[in-house]
Number of protein chains: 2
Amino acid sequence: MSLRHAILGFLSATPLSGYDLRKAMDASVQHFWPADQAQIYRTLARLVADGLVDVQEVDGDTRQRKLHFATAAGLAELDDWLRTIHPVEASREPFLIKMFFGGRIGAADVCALLLARRGEAEVLRATFQGIAASIPESGDLNTVLRRATLLSGLRYVEAEILWIDETLEALK
Amino acid sequence: MSLRHAILGFLSATPLSGYDLRKAMDASVQHFWPADQAQIYRTLARLVADGLVDVQEVDGDTRQRKLHFATAAGLAELDDWLRTIHPVEASREPFLIKMFFGGRIGAADVCALLLARRGEAEVLRATFQGIAASIPESGDLNTVLRRATLLSGLRYVEAEILWIDETLEALK
DNA sequence: TTATCATATATGACAAGTCCTATATTTGCA
DNA sequence: TGCAAATATAGGACTTGTCATATATGATAA
């Protein structure tokens with residue numbers, strides 16, 4: 001769905017090969033949009049077919065690679081999508097299914113699940129905090145927005161940890 | 001992935017038809033596991049094929065319907081899954097992609113997106129608060145857990161609203 | 001009595017994503 | 001020089017989920 005637009009977003013800044021795109025995504029939006037390599041190439045092909053992206057084979061360089069450029073139509077599509085107000089899409093949380101049916105396995109086992117998850121959340125929190133510390137609090141719009149996406153992840157894990165503690169307390 | 005287990009969870013409490021299952025899910029786990037009707041029927045068929053669920057056609061009732069029961073193997077599979085500690089699975093947030101590339105449309109348009117989302121979050125928050133108020137704070141394990149899954153949703157929207165306000169502030 | 005709604009199940013077409021595998025080149029290191 | 005790792009692209013098989021549609025019956029209200 002939005003992989004198309006994520007790709008257009010990256011290409012709006014600079015032309016990239018599929019390989020570069022993957023690296024760029026892994027390094028920046030991975031925590032809210034993990035991208036599969038095969039899916040990137042397929043989506044890229046689709047964008048080209050739709051006229052939103054142009055390809056240019058480059059072999060004058062060290063390697064032959066396919067540089068992808070956003071076309072004018074691609075940029076228009078991107079900006080259109082960016083400005084559109086889409087309703088919040090539902091997300092699936094397998095973990096909550098476990099909580100919901102946790103009565104079957106008993107409070108002790110449920111607490112073990114919660115504690116394991118808390119551990120993971122703490123690692124994530126530390127990671128986010130580390131990265132957030134490296135981004136200045138104010139700056140140009142792009143900097144503020146990039147920091148905001150990171151803080152979003154941070155706020156969510158923080159809320160998760162709080163919720164886990166609250167739940168652990170209620171289970172005692 | 002977990003729809004199988006969600007279904008087994010419901011059937012572990014009481015036999016249900018596909019139709020009843022859908023209603024039960026809509027009324028309880030919808031906010032963390034929205035289930036498509038077609039998907040429910042197909043998964044049910046799959047569970048039967050796998051020997052985790054038994055079907056019994058009932059027509060002595062007002063209508064002919066297919067009652068589904070969890071088998072012993074089904075319950076074993078469910079409890080196994082419930083006890084297994086799975087790593088946190090990544091979620092996709094199209095909205096954060098918009099934030100990430102929001103530089104293209106400018107601060108004013110980005111704020112509009114944030115405000116629209118804030119509105120939706122507030123509605124959700126009120127809904128969750130209303131339901132949470134109807135569940136006693138303490139009780140048996142099942143009650144505590146059901147309340148916990150609800151509070152999870154509430155904590156997340158609360159965090160979201162806080163994050164939006166924080167971001168709006170940073171954008172000024 | 002007729003229309004409409006809720007009940008009840010099911011299929012087809014499709015989209016998005018995952019996992020695995022294949023292939024070829026090129027760079028760097030030992 | 002030879003081998004491993006990184007670069008670079010791509011297809012097949014599959015799973016999960018969505019959307020639209022088909023079909024049939026029982027209940028209820030106009």
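To find a chain, count down the sequence lines: A is the first, B the second, and so on, and within it residues start at 1. When reading the values below, keep in mind they use all heavy atoms of this one structure, side chains included, and skip hydrogens, waters and symmetry mates.
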Test your reading of the model: is there a side-chain donor-acceptor pair from [X] to the backbone of [Y], 3.5 Å cut-off?
X	Y	value
Thr71(B)	Gly51(B)	yes
Thr84(A)	Asp80(A)	yes
Glu77(B)	Leu52(B)	no
Glu89(A)	Pro94(B)	no
Arg146(B)	Phe100(A)	yes

Using atom [atom1] of [X] as one end and atom [atom2] of [N] as the other, report the distance to the nearest whole Å.
X	N	atom1	atom2	result
Leu21(B)	dT9(C)	CG	C1'	13 Å
Leu3(B)	dT15(D)	CG	C1'	12 Å
Asp26(B)	dT7(C)	CG	P	12 Å
Leu44(B)	dA10(C)	CG	P	9 Å
Arg22(A)	dT18(C)	CZ	P	10 Å
Arg46(A)	dA16(C)	CZ	P	7 Å
Lys23(B)	dA6(C)	NZ	C1'	9 Å
Leu47(A)	dA10(D)	CG	P	14 Å

Phosphate-side-chain proximity, Ser17(A) and dT7(D), N/O vs OP1/OP2 below 4.0 Å = no

So, is Tyr19(A) close to the dT9(D) phosphate, meaning a side-chain N or O under 4.0 Å from OP1 or OP2?
-> no

In residues 29-40 of chain A, which residues come under 4.0 Å of DNA chain D by heavy atom?
-> Gln37(A), Ala38(A)

Among residues 76-94 of chain B, which contact DNA chain D at a heavy-atom distance under 4.0 Å?
-> none

Degree of bending in the helix from dT1(C)-dA30(D) to dA30(C)-dT1(D) once both end axes are built from five pairs, to 10° = 20°

Lys/Arg cation over aromatic Phe32(A): Arg92(B), 6.0 Å, 45° cone | no

Taking atom types as modelled and ignoring hydrogens, do the side chains of Gln37(A) and Tyr19(A) form a donor-acceptor contact shorter than 3.5 angstrom?
-> no

Report the C-alpha separation of Glu93(B) and His31(A) in whole Å, then their side-chain angles, then the decisive distance to 0.1 Å, and conclude whether the side-chain hydrogen bond (donor to acceptor under 3.5 Å, both in side chains) test is met.
-> CA-CA 9 Å; Glu93(B) 301 291 344; His31(A) 73 99; over 6 Å; no

Derivation of the side-chain contact (heavy atoms from CB on, under 4.5 Å) call for Ile105(A) and Leu113(A) = CA-CA 11 Å; Ile105(A) 57 172; Leu113(A) 291 175; 4.1 Å; yes

Which word best sums up how the rings of Phe95(A) and Trp163(A) line up, parallel for under 30°, tilted for 30 to 60°, or perpendicular for over 60°?
-> perpendicular

Aromatic ring pairing Trp81(A)/His5(A), orientation class (parallel under 30°, perpendicular over 60°, tilted between) | parallel

Which nucleotide in the list dA10(D), dT9(C), dA13(C) gets nearest to the side chain of Tyr41(B)?
-> dT9(C)

From the list Asp165(A), Ile164(A), Leu171(A), side chain to side chain contact (heavy atoms under 4.5 Å, CB included) partner of Thr167(A) resolves to Leu171(A)

Does the base of dT18(D) carry an N or O that pairs as donor and acceptor with the side chain of Arg42(B) under 3.5 Å?
-> yes

